[in-house]
Amino acid sequence: MEGIQEIEKVGSISVFSEVAKLGHEQVVYCHDEATGLKAIIGIHNTVLGPALGGTRMWNYATEEEAAIDVLRLSRGMTYKAAVSGLNLGGGKAVIIGDPKQLKNEAFLRRFGKFVNSLGGKYITAEDMNMKTSDMQYIGMETKHVTGLPVEMGGSGDPSPVTAYGVYMGMKASAKKGFGSDSLGGKKISVQGVGQVGMFLVEHLTKEGAQVFITDINEERLRMVANSTGATVVGNDEIYDLDVDVYAPCAMGATLNDQTLERIKAPVICGGANNQLADEEVHGQRIMNEQRVYAPDFVVNAGGIINISSELMGDYNRELALSWTEKIYDTTLSILNLAGDEQIPTQQAAMQIAEKRIEDVGRVKLSF
Ligand code: NAD
């Protein structure tokens, strides 16, 4: 069977009840027998603008897992865009299967056709296991694709912009936590020195912070240590360091029951997505411990800000960076709101995003 359909059940979860709970506008199932394409596009909210979010390809163990992932990720994009002041909604796509076995021109172009059939309501971009060349094929079937490399007329690697935003968020968090936004002399641990982590370490060492880094990629770790003067520490040791700031820049869920026993840093701010293993439990715990946690989706929004500049036409990196600089003010106002209302910072950020969607949505009602 080929075509787009919205179906009720996947595995043991009811997509309709999940959608009702999380508030999605539309979930699109894409299937093409000939190429073996199985994809789900989640459109969470388009009140502020078209739903933007990358396409991730993953060999999900079950279709249920893929559905949960796309629903969760697309919702996250709504909050990220809204809190960053962008006129974009939240969306995401997942393609199910082994990238090495399935990806080819026809497969990717077929996916591009599905994206195109939504008429711009969903705009796609690169995400996990999707390469630039893959986006090129998708782009042959739809213009609703962004975040392309410079040589293809796009905005290029967003990581330096993301890292700059994390740096701004960290300065705002330091202001809240230590009374000054200067990071000079501060001890900062950075977990993961990939694209975002590496550029972040550059900013931090330039400002005179004492930076400790770890990465499972030894070669990369040495390279960043040599170029920045940061100190290398062990992968597990990172949680026990006596530092002022802990910056998770590798994977999600590193703020959990076990690590929070060990992390001593009074300020937590990094680029990784979904840092809180349990948003409510660990967000509340960090608040109770009177530490400052900068919500990840606020401080790592530089990438989407960069892409939104590309969407406005005539991409200009300086403009994207100056917009990203506002993450400082956004972070500080969220931390202050959380302090005033005695709520976890993640909750405060979500409140601000929801209020903007509600307020702007009302404005849009009139002709
Ligand atoms: P990346 O793959 O370039 O870097 C991640 C690094 O973390 C790699 O060097 C990897 O070896 C390392 N790593 C993985 N597991 C580790 C572990 N257990 N301990 C230590 N190091 C480990 O990815 P990136 O683009 O730098 O993104 C980093 C994080 O930021 C991800 O969570 C990503 O989703 C998020 N993020 C990135 C962007 C962006 O613009 N690139 C935007 C928003 C959010």
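Heads up: numbering here begins at 1 and tracks the sequence. Both counts, for ligands and for their atoms, begin at 1 and track the order of listing.
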On the 0 to 90° scale, with breaks at 30° and 60°, tag the His203-Tyr164 ring pair as parallel, tilted or perpendicular.
tilted
Counting non-hydrogen protein atoms only, what is the nearest one to atom 18 (N) of ligand 1? Give residue, atom name and distance.
Met251 CE, 3.3 Å
In terms of heavy-atom contacts, Tyr29 and Ala67 come closest through OH-CB, 3.8 Å
among protein heavy atoms, the one nearest atom 34 (O) of ligand 1 is Asn273 ND2, 2.9 Å
Which option wins on minimum heavy-atom distance to atom 44 (C) of ligand 1: Asn300, Ile213, Leu221?
Asn300
N-O pairing of Glu358 and Lys355 below 4.0 Å:
no
Here the atoms of ligand 1 under 4.0 Å from any heavy atom belonging to Asn235 are 19 (N), 20 (C)
Would you name the heavy atoms of Ser173 and Thr331 that are closest together and state the gap between them?
OG-CG2, 4.0 Å
Looking at Lys171, Lys175, Met168, which hits side chain to side chain contact (heavy atoms under 4.5 Å, CB included) with Leu332?
Lys175
Heavy-atom contacts under 4.0 Å between Thr162 and ligand 1: side chain, backbone, both, or neither?
side chain
What heavy-atom pair brings Asp157 and Arg317 nearest, and what distance separates the two atoms?
O-NH2, 2.8 Å
Nearest protein heavy atom to atom 9 (O) of ligand 1: under 4.0 Å?
yes
Considering non-hydrogen atoms of the protein only, which is the closest contact for atom 11 (O) of ligand 1, and what is the distance?
Asp215 OD1, 2.6 Å
Minimum non-hydrogen distance to atom 17 (C) of ligand 1, winning option of Ile216, Ile307, Asn217, Val166
Ile216
Arg109 backbone acceptor or donor facing Glu141 side chain under 3.5 Å
no
Tell me the nearest of Gly271, Ala250, Gly303 to atom 31 (C) of ligand 1, using heavy-atom distances.
Ala250
Could you tell me the residue and atom name of the protein heavy atom closest to atom 28 (C) of ligand 1, and the distance to it rounded to 0.1 Å?
Cys249 O, 3.3 Å
I need the nearest protein heavy-atom contact for atom 4 (O) of ligand 1: residue, atom name and distance, please.
Gly194 CA, 3.2 Å
In plain terms, say whether Arg56 and Asp69 are close enough for a salt bridge, that is, a side-chain N and a carboxylate O under 4.0 Å apart.
yes
Quick check on atom 2 (O) of ligand 1 - does any protein heavy atom sit closer than 4.0 Å to it?
no
of all protein heavy atoms, closest to atom 37 (C) of ligand 1 is Val196 CG2, 3.7 Å
Given salt bridge (Lys or Arg N to Asp or Glu O under 4.0 Å), test Arg262 with Asp240 step by step and report yes or no.
CA-CA 5 Å; Arg262 298 167 61 189; Asp240 298 316; 2.8 Å; yes
Protein contact of atom 23 (O) of ligand 1 - nearest heavy atom, named by residue and atom, plus distance
Gln195 N, 4.5 Å
